[in-house]
Asker: 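Once you've had a glance at the structure underneath, I'll fire off some questions.
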Amino acid sequence: MRIKSAEFVMSNSDVAKCPKSMLPEYAFIGRSNVGKSSLINMLTGRKSLAKTSGRPGKTQLINHFLINKNWHLVDLPGYGYARVSKSSKKVFQKFITQYFGKRRQLVCGFVLVDIRHKPQPIDLEFMQWLGENGIPFCIIFTKADKLKPKAIETHVADYKTILLETWEEMPTYFITSSSKGIGKDDLLEYIDALNKNLVE
C-alpha cells in the first residue's frame, strides 16, 4: 500500500466524540518516549503529521488521521512517564482504556516498544490487559537502527520467552526504524491486508 493522502481529522479526550464514520481504525500506542510520532510520520511520509517533541508525553489526546480517504490512523497518548500532573494523567489514561473498550471501528492496536531495552513491566502489563479484554494487537519494536542485528534478535527472544509463559503464541510483531525507514513496507502491507479482509 502507498499512502497518497494523510489528513488530520480531530483531537479529543472523549471517545463518544470520535469520528462517527465506520472506517477501520488502527491505533498506535506506547510509552511516552518510544518514538511514536516519528514512526507515524515515517509511515505516512509526512514530516510533521504527528507532533514530535524532545519532551516525552506530548500526545495527550486521541488524534485521528484519515489515510487514503478509507481508514483512520489513531495516535493515542503514551502510557507511563509523562511530565503532566497526576490528575491529568488519570484523565488520559482513562480515555485510553475507554477507547480500546468502546471503539467498534478499531481493527488492531499497535503497541510500540523500544527495542533497545529489556522487556519492561509496564509494556507487558498493557499487552496483558489488551489480551484479557480480547483486543487484537501487534507489537512494533522501534529504534532498530540503534542496535546490531544480533542484539535485536536477543531482545525479541526475551519478549517471546516472557510472553509465551502466558500466551499461546507470540503476537505478530514488526522491527522498525523511523530514521532508516525499516519496517515501513511490512507494516503498511499488513494494514492493507486487514482492510481487504474487512471488505471480503
Side-chain angles (χ1 to χ4, degrees), residues 1-15 17-84 92 95-96 99-100 103 105-116 136-146 172-199:
M1 170 173 52
R2 278 184 56 237
I3 290 188
K4 299 171 185 174
S5 64
E7 308 159 42
F8 172 74
V9 179
M10 65 166 60
S11 294
N12 69 79
S13 59
D14 185 348
V15 176
K17 293 178 181 174
C18 286
K20 297 291 187 272
S21 78
M22 291 306 292
L23 293 176
E25 293 185 357
Y26 298 88
F28 289 71
I29 189 167
R31 276 181 296 132
S32 301
N33 55 352
V34 78
K36 177 164 54 70
S37 297
S38 297
L39 180 87
I40 289 170
N41 292 336
M42 181 267 279
L43 285 177
T44 58
R46 308 291 191 276
K47 286 185 178 176
S48 56
L49 189 72
K51 290 183 174 64
T52 56
S53 170
R55 183 167 65 87
K58 190 73 175 169
T59 307
Q60 295 177 21
L61 296 166
I62 303 169
N63 298 299
H64 274 76
F65 300 96
L66 179 62
I67 309 298
N68 288 352
K69 309 284 187 190
N70 65 2
W71 59 277
H72 282 123
L73 186 156
V74 185
D75 181 9
L76 293 171
Y79 50 81
Y81 170 81
R83 283 183 198 161
V84 295
F92 67 75
F95 67 69
I96 288 171
Y99 173 83
F100 280 107
R103 195 67 178 157
Q105 292 91 331
L106 178 69
V107 176
C108 185
F110 291 100
V111 180
L112 278 64
V113 172
D114 190 331
I115 191 70
R116 298 174 299 174
F137 74 93
C138 300
I139 301 171
I140 297 179
F141 292 103
T142 63
K143 307 186 183 183
D145 58 296
K146 308 290 187 188
T172 299
Y173 66 90
F174 301 88
I175 308 291
T176 69
S177 163
S178 298
S179 60
K180 305 287 187 186
I182 297 167
K184 177 178 180 176
D185 291 343
D186 290 341
L187 251 172
L188 291 178
E189 281 173 20
Y190 184 80
I191 292 171
D192 193 37
L194 289 178
N195 280 338
K196 285 174 178 169
N197 284 341
L198 293 171
V199 175

Asker: Could you tell me if the side chain of Trp71 sits less than 4.5 Å from the side chain of Val107, heavy atoms only?
Answerer: no
Asker: Going from CG on Asn195 to CD1 on Ile67, what distance comes out if it is rounded to the nearest 0.5 angstrom?
Answerer: 11.0 Å
Asker: For residues Ile140 and Phe28, determine if any side-chain heavy atom of one lies less than 4.5 Å from a side-chain heavy atom of the other.
Answerer: yes
Asker: Does any part of the side chain of Leu198, heavy atoms only, come nearer than 4.5 Å to the side chain of Leu194, both counted from C-beta?
Answerer: no
Asker: What residues form a side chain to side chain donor-acceptor pair (under 3.5 Å) with His64, not counting sequence neighbours?
Answerer: Glu25
Asker: Between Lys69 and Glu7, is the side chain to side chain contact (heavy atoms under 4.5 Å, CB included) condition met? List the steps.
Answerer: CA-CA 9 Å; Lys69 309 284 187 190; Glu7 308 159 42; 2.7 Å; yes
Asker: Any idea which heavy atoms bring Arg103 and Val15 closest together, and the distance?
Answerer: NH1-O, 4.4 Å
Asker: Below 4.5 Å, heavy atoms only, C-beta onward: do Leu39 and Thr176 meet side chain to side chain?
Answerer: yes
Asker: Kindly write out the residues that satisfy side chain to side chain contact (heavy atoms under 4.5 Å, CB included) with Lys4, not counting sequence neighbours, or none if the list is empty.
Answerer: Arg2, Asn68
Asker: What's the spacing between Gln105 CD and Cys18 SG if we round to 0.5 Å?
Answerer: 8.0 Å
Asker: Which atom pair, heavy atoms only, marks the closest approach of Pro19 to His72?
Answerer: CB-CE1, 4.0 Å
Asker: Find the distance between OH (Tyr173) and CD1 (Ile139) and round it off to the nearest 0.5 Å.
Answerer: 9.5 Å
Asker: Run the side chain to side chain contact (heavy atoms under 4.5 Å, CB included) test against Asp186 and tell me which residues pass, sequence neighbours left out.
Answerer: Phe174
Asker: With sequence neighbours left out, what residues match Ile182 under side chain to side chain contact (heavy atoms under 4.5 Å, CB included)?
Answerer: Ser177, Lys180
Asker: Say whether, by atom type as modelled, one donor and one acceptor occur between the side chain of Asn63 and the main chain of Ser11 under 3.5 angstrom.
Answerer: no
Asker: Considering only heavy atoms from C-beta outward, does the side chain of Ile62 approach that of Leu76 to under 4.5 Å?
Answerer: yes
Asker: Who are the side chain to side chain contact (heavy atoms under 4.5 Å, CB included) partners of Arg116, not counting sequence neighbours?
Answerer: Asp114, Lys143, Lys146, Leu147
Asker: Under 3.5 Å, is there a donor-acceptor pair between the side chain of Thr172 and the main chain of Cys138?
Answerer: no
Asker: Locate the shortest heavy-atom distance separating Phe137 from Cys108; write the atom from each residue and the value.
Answerer: CA-SG, 3.9 Å
Asker: Any side-chain heavy-atom pair from Arg31 and Lys36 closer than 4.5 angstrom?
Answerer: no
Asker: Using side-chain contact (heavy atoms from CB on, under 4.5 Å) as the criterion, point out the one residue from Val74, Val34, Asp75, Ile96 that pairs with Ile29.
Answerer: Ile96
Asker: Quick one, Leu188 with Leu43, criterion side chain to side chain contact (heavy atoms under 4.5 Å, CB included). Give me CA distance, side-chain angles, the key distance, then yes/no.
Answerer: CA-CA 8 Å; Leu188 291 178; Leu43 285 177; 4.2 Å; yes
Asker: Does Lys184 use its side chain to pair, donor to acceptor, with the backbone of Met42 at less than 3.5 Å?
Answerer: yes
Asker: Quick one: do Asn41 and Lys47 satisfy side chain to side chain contact (heavy atoms under 4.5 Å, CB included)? Show the steps, please.
Answerer: CA-CA 5 Å; Asn41 292 336; Lys47 286 185 178 176; 5.9 Å; no
Asker: Is the closest side-chain heavy-atom distance between Tyr26 and Leu73 below 4.5 Å?
Answerer: no
Asker: Hey, is NZ on Lys196 packed in by over 12 heavy atoms from elsewhere, all under 6.0 Å?
Answerer: no
Asker: So, the side chain of Ser37 versus the backbone of Ala50: is there a donor-acceptor pair under 3.5 Å, distance only?
Answerer: no
Asker: Holding to ring-ring contact (aromatic ring centres under 6.0 Å, His included), I want the full list of residues that pass it with Tyr99, two or more places apart in sequence or in another chain.
Answerer: none
Asker: Are side-chain heavy atoms of Phe65 and Leu49 found at a separation under 4.5 Å?
Answerer: yes
